[in-house]
Each structure stands twice: as C-alpha cells, then as structure tokens.
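Beneath this line is the structure, given in structure tokens, with notes to follow.
Chain naming here is simple, since letters A, B, ... match the order of the sequence lines and numbering starts at 1 in each. Everything numeric in this text was worked out from a predicted model, so none of it was measured. The figures here come from the full heavy-atom set of this structure, side chains too, leaving out hydrogens, waters and symmetry mates.
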Amino acid sequence: MTNIIKAQKGTKDILPAEISKWYNLEKKAEEVFSFAGFKEIRTPIFEATELFARGVGDTTDIVNKEMYSFEKSERSLTLRPENTAGVVRSFIENGMHRLTAPVKLWYKGPMFRYERPQAGRQRQFHQVGVEMFGIKEPSADAEVILLAVNYLKSIGLCDLDVEINSLGCPNCRETFSKKLKDAIRPYLANMCPDCQERFEKNPLRLLDCKVPECNEVLNSEEIQNVITSEYICDECSEHFNKVKEYLDALNIKYSVNRLLVRGLDYYNRTVFEIKSNNLGSQNAVCGGGRYDSLVRHLGGVDTPAVGFAMGMERLNSLLPDVEDNKLDIFVVSSSSTEAFKVVNELRAAGFSADFDLSCKKFGKQIEKASKVASHAVIVCEDEIANNTVSIKDFSTSEQKTVSRNDYINCLK
RNA sequence: GCGGGUGUUGCCAAGUGGUUAAGGCCUCGGAUUGUGGUUCCGAUAUUCGUGGGUUCGAUUCCCACCUCUCGCCCCA
C-alpha cells in the first residue's frame, strides 16, 4: 500500500464538526465591523517578498526566519505572514488616499509562518483584523481598540486583559533606546545571549525578557528609573493621554504596560495587546497599534494608520464547542422519486431537508431521521395512494397525516 | 533553530519477548420487510507512527527518523 499523505506539520483541517464555530467568528466580524463602517478587503495570499521585507521589517523574526518564500519566473514570492503589509500595498496601489478619510478596512484569512508549532501556534493560521487609514488623532486609536473589545464581546469573550503602551514617535524611540542602551551597557555581559542580540537589533525588546538574570538587571533601581522616566515627547505624551481618556469614557478597562513592545518594526505611538489567562504560553489573542510611517515607507502618500489583528484559532480555543444544528426534516419514503420531489419542495420552501439516497428499509430510515432531524415527513405506499404525507415530530413522538397539497403549511 | 513528553483500529483505550492484539464509542448488518431515541446478537487492526538492529521469535528491548504535544525564541 502506498504511504498515506498527511497534513503538513503545523497545518490542520477544519472539519465539519467544528465549522460552525468558524462561521460564527466570521459572521460576528462582518456584523460588528460593518456596523462601525468598516468594509471587508481581500488581498492575495502571496505577495512580493520585498513587500514583507520592507513592510514588516528586516530585523524581525517573521522576516528573518519565518517566511514561506519561493521563486517563480525569477520573482521572489512569499506566502503572507500577516496582512497589514498587504492591505497597505493595496491601499497605495488603488489610490485609496483619495477616498474620504478615514478609510476603514477589515479582513480575515489564512497567514503563514514557518515556526515550531505549539499551543496556539500553527504554521498556517487565521487572522481577522482591521486597518484604519487617514486619521492621526488619538480618537482613531480609541476607535480601533473599542472595536476590538466589542468584537470580542460579541463572540462571548468579556474578561480579557487589555494592555496598552506608547512607543512614541521615531524620535522618542531613538532617544529612549539610546538612554536604555547606555544604562544597560555596563551589565550587558551578565545578560542572556538573546538579550545581547536584542541590544543591537531591537533594544526595546530587552524590556520583556523572561530570563531571571536579565530581570534582575531590569529591576535594579537604576534601570527602573530609566524605564519609568518620561520617555516620550510632549506631543506623543498628549496623544497617549487622550487615548486613555477616550478609553476611560468608554468604560474600557485597561492597564498601561511600559514593557509592552510589539515585535513588528512599523509601530509607533499607541500599541496594545489583549490577553487571556487560559491560553498557555501564547496568551495574546489580539495585537495592534499605530503605524503612521508605513504607507510612506512603502511608497505611498504619507498617511497615518492604526489597526489590529486577532488569531482566530486562539479565539476558538477560548470558546465552548457548539452543537451541530439538526435538519428541519428528514424525508422517509419507499420511493426515491417521491422522496426527491418532497425534499426538493421542502428546500424550496425554506426548510433544511434530506433523505436516504440508498432507499433503505423503513426502520433504518426512521432511525436515521430521528438522529439527524427534528421532524420526519413520511411518504410511503399508503401516503402515495391517498395523496397525503405523514409528519412526525420526534420531540413529542406525535404523528399526523395531512394532505399532500398543503403539507408545507402544516410544517410552519 | 534548541529542550521535555508522546505515538495500538474512524475515536477513546487495555496489553504481552511467543504466535486468535482486551474492552468501550461510532459505523454497518440482523432480531424488527410502515415507526426511531431502550434492548439483544453479529461484523470491522494482516505497516501495533516509519525504517533499521538484537532475537529462534518483537507491537513489546535498542538506535535513527517522523508526527503530535508542551516550553524557549518570536508572534495572533
């Protein structure tokens, strides 16, 4: 026998038994986002590799070691590892900066990252997210966070922790990085190898290292003074305060986490994450923030933007399983032809209906009917002879025989 | 890329260095050729993750690889 071909590492089938959970996530996204004036956008699954190298940032792990890239006709292409870069590309390419601001977009779909799979992490996974372009005011930040919270609420997730932070503008970021590096430099030799590398590549990431020795350094009074000091400029600070005011006014509970640093290079000012305690180590269900320079960076007209993305598998794992809906009607018949006709009539009338294609004997058909449907419509010899059908309600076991001409009405 | 755990049928799951690999669920057939959800009977593993090795003999012992899983890194 030939070898069985299995799903690739880190990929999964979404089976019929779990599909209603997915439908629900997608349906609620459509509802909640369109209620807030967001329109869905669908961008290609693969893009030019350069888009991600420039868009996501070539200091990131995503770009350095997690991309599914391949060559075709001398072009380097990559399966999208996230969708912000793709949406921005589309925004620029389609001249959306000419539309009245804000341009509000949402998306859902598969993303690909070559990582070691673990709880809440696959190589092919799904994200649902929003991007809003053209508003530099802090109201946009608050609107996007509000939307995230409301979406999570709509799918039944209320008790999640919202954490926010401000990275400041590129200037603040550089000043702060420099201060931090200066402060840490004397202790660097005692810190973990990862931190040694972060020190050069992305100093802000030093802040959330989990290694005890590094924590010790970070918790020292000297470093803490740097961390808690006023690290962003007045303008950025005002922006951040305003965001917090909006969130307070909207009764959104949040905490400010100075150590929250998002891994993608394009963020500035507001960044946020929404976390759950029930997810194991990959505990963020939502991550987002402001990325004012990305559109310009990718060659578009300078346009401020904010957005977030959520991991749908992680959302699903927090949600209870839902039971499959039963069919309205299963047609039991001694004649396949009659069954076909009746099923067809029922479906046209708006009932979900099915019948036994292999025309097994009566007992088997009624057994199947009781398992998959709430009602049986019986069309056997007697009924056919008298131009009637029998309707059986499995919840009460009651059965009545009605005229074939208006049985549909008897079901309503 | 690094570390820990794991792998018996569609699913759950026992088991042993010796030849018929328990049991349960699901599925299918029958008791019951017009009435199901109860009951009873019957059927379903010839790669026991894959490939090597030890042995007269391995699903059981050893090695390698792979999967899944939990962590690290990083991220949703």
Side-chain angles (χ1 to χ4, degrees), chain A residues 1-4 6-12 15 17 56-57 59-66 81-84 108-129 148 152 192-195 197-198 201-202 205 208-211 260-264 272-276 279-289 307-318 326 330 332-334 358-376 378-385 390-399 401:
Chain A
M1 208 210 264
T2 49
N3 285 336
I4 291 169
K6 295 198 272 189
Q8 291 304 288
K9 184 171 181 164
T11 69
K12 269 191 180 133
L15 297 169
V56 178
T59 67
T60 62
D61 276 14
I62 292 184
V63 168
N64 280 323
K65 53 178 204 187
E66 296 175 2
E82 54 96 63
N83 207 26
T84 298
K108 61 172 198 291
M111 309 293 161
F112 305 83
R113 259 120 100 158
Y114 187 81
E115 299 182 89
R116 191 79 175 263
Q118 68 184 79
R121 165 178 300 162
Q122 291 171 224
R123 289 183 172 178
Q124 176 174 179
F125 62 103
H126 297 77
Q127 287 188 331
V128 56
L152 292 168
C192 71
D194 286 326
C195 278
E197 199 160 318
R198 291 184 183 113
K201 274 175 33 186
N202 194 348
R205 293 222 69 93
D208 63 2
C209 185
K210 288 160 199 138
V211 176
L260 176 61
V261 178
R262 314 236 62 254
L264 285 59
F272 64 96
E273 269 183 21
I274 302 179
K275 296 178 178 172
S276 162
L279 275 176
S281 151
Q282 311 306 321
N283 61 354
V285 293
C286 174
F308 67 73
M310 300 195 188
M312 296 177 82
E313 280 81 0
R314 292 184 191 176
L315 294 177
N316 260 336
S317 70
L318 292 172
K326 282 194 167 182
F330 193 87
V332 173
S333 178
S334 53
S358 52
C359 203
K360 293 202 193 57
K361 57 187 173 183
F362 189 88
K364 292 294 177 193
Q365 288 196 35
I366 202 93
E367 185 182 345
K368 168 96 175 175
S370 72
K371 282 181 187 161
V372 304
S374 59
H375 295 261
I378 302 167
V379 198
C380 291
E381 282 85 356
D382 290 357
E383 284 86 359
I384 294 169
S390 298
I391 299 168
K392 175 160 184 143
D393 179 343
F394 286 114
S395 61
T396 61
S397 292
E398 276 170 19
Q399 184 170 329
T401 300

| Polar contact flag, side-chain donor to acceptor under 3.5 angstrom, A/Ser390-A/Glu383 | yes
| task | Could you tell me whether the phosphate oxygens of B/U35, OP1 or OP2, come under 4.0 Å of any side-chain nitrogen or oxygen in A/Lys361? | result | no
| task | Tell me what A/Cys380 touches on the nucleic acid: a base, only sugar-phosphate, or nothing, going by heavy atoms under 4.0 Å. | result | base
| task | Classify the nucleic acid contact of A/Gln282 as base, sugar-phosphate or nothing, counting any heavy atom under 4.0 Å across all strands shown. | result | base
| Mind checking who B/C26 pairs with, Watson-Crick or G-U wobble, both distances under 3.5 Å? | none
| task | Select one nucleotide: of B/U35, B/U69, B/A76, the one nearest the side-chain heavy atoms of A/Gln127. | result | B/A76
| Nucleotide B/C72, atom C1' - distance to CZ of A/Arg116 in whole Å | 10 Å
| query | Does A/Ser334 make a side-chain donor-acceptor contact with the base of B/G34, cut-off 3.5 Å? | reply | no
| message | I'd like to know if the side chain of A/Arg123 reaches the main chain of A/Phe112, judged simply by a donor and an acceptor atom lying under 3.5 Å from each other, with no hydrogens or angles considered. | response | no
| request: Give one of base, sugar-phosphate or nothing for A/Gly120, where a contact means two heavy atoms less than 4.0 Å apart. | output: base
| Phosphate OP1/OP2 of B/C72 contacted by A/Ser281 side-chain N/O (<4.0 Å) | yes
| Hey, is the side chain of A/Arg121 pairing donor to acceptor with the base of B/C74 inside 3.5 Å? | yes
| said: At 4.0 Å (heavy atoms only), tell me whether A/Ile378 reaches a base, stays on the sugar-phosphate, or touches nothing. | reply: base
| OP1, OP2 of B/C70 versus side-chain N and O of A/Gln118: anything below 4.0 Å? | no
| message | What contact category does A/Glu273 fall into here, base, sugar-phosphate, or nothing, at under 4.0 angstrom with non-hydrogen atoms? | response | nothing
| request: Tell me which of A/Ser395 and A/Gln122 sits closer to the 5' end of RNA chain B, going by the nucleotide each one is nearest to. | output: A/Ser395
| Which residue lies toward the 5' end of RNA chain B, A/Ser370 or A/Lys65, if each is placed at its nearest nucleotide? | A/Ser370
| Can you find a donor-acceptor pair, distance only, under 3.5 Å between A/Gln365 side chain and B/U35 base? | no
| message | Does A/Lys326 have more than 12 heavy atoms from other residues, nucleotides or ligands lying within 6.0 Å of its NZ? | response | yes
| said: Taking donor-acceptor contacts at under 3.5 Å, does the side chain of A/Glu383 reach the base of B/G34? | reply: yes
| query | How would you label the contact of A/Lys371 with the nucleic acid (heavy atoms, under 4.0 Å): base, sugar-phosphate, or nothing? | reply | sugar-phosphate
| request: Could you tell me whether A/Glu115 contacts a base, only the sugar-phosphate backbone, or nothing, with contacts defined as non-hydrogen atoms closer than 4.0 Å? | output: base
| Phosphate OP1/OP2 of B/U35 contacted by A/Lys392 side-chain N/O (<4.0 Å) | no
| Phosphate-side-chain proximity, A/Lys12 and B/U69, N/O vs OP1/OP2 below 4.0 Å | yes
| query | What heavy-atom pair brings A/Gly10 and A/Pro117 nearest, and what distance separates the two atoms? | reply | CA-CG, 3.8 Å
| said: As a test of reading the structure: which of B/G34, B/C2, B/C73 is closest to the side chain of A/Phe362, going by heavy atoms? | reply: B/G34
| Quantified in whole Å, what is the P atom distance between nucleotide B/A14 and nucleotide B/G49? | 14 Å
| query | So, A/Glu313 side chain and A/Arg121 main chain: donor-acceptor pair closer than 3.5 Å or not? | reply | no
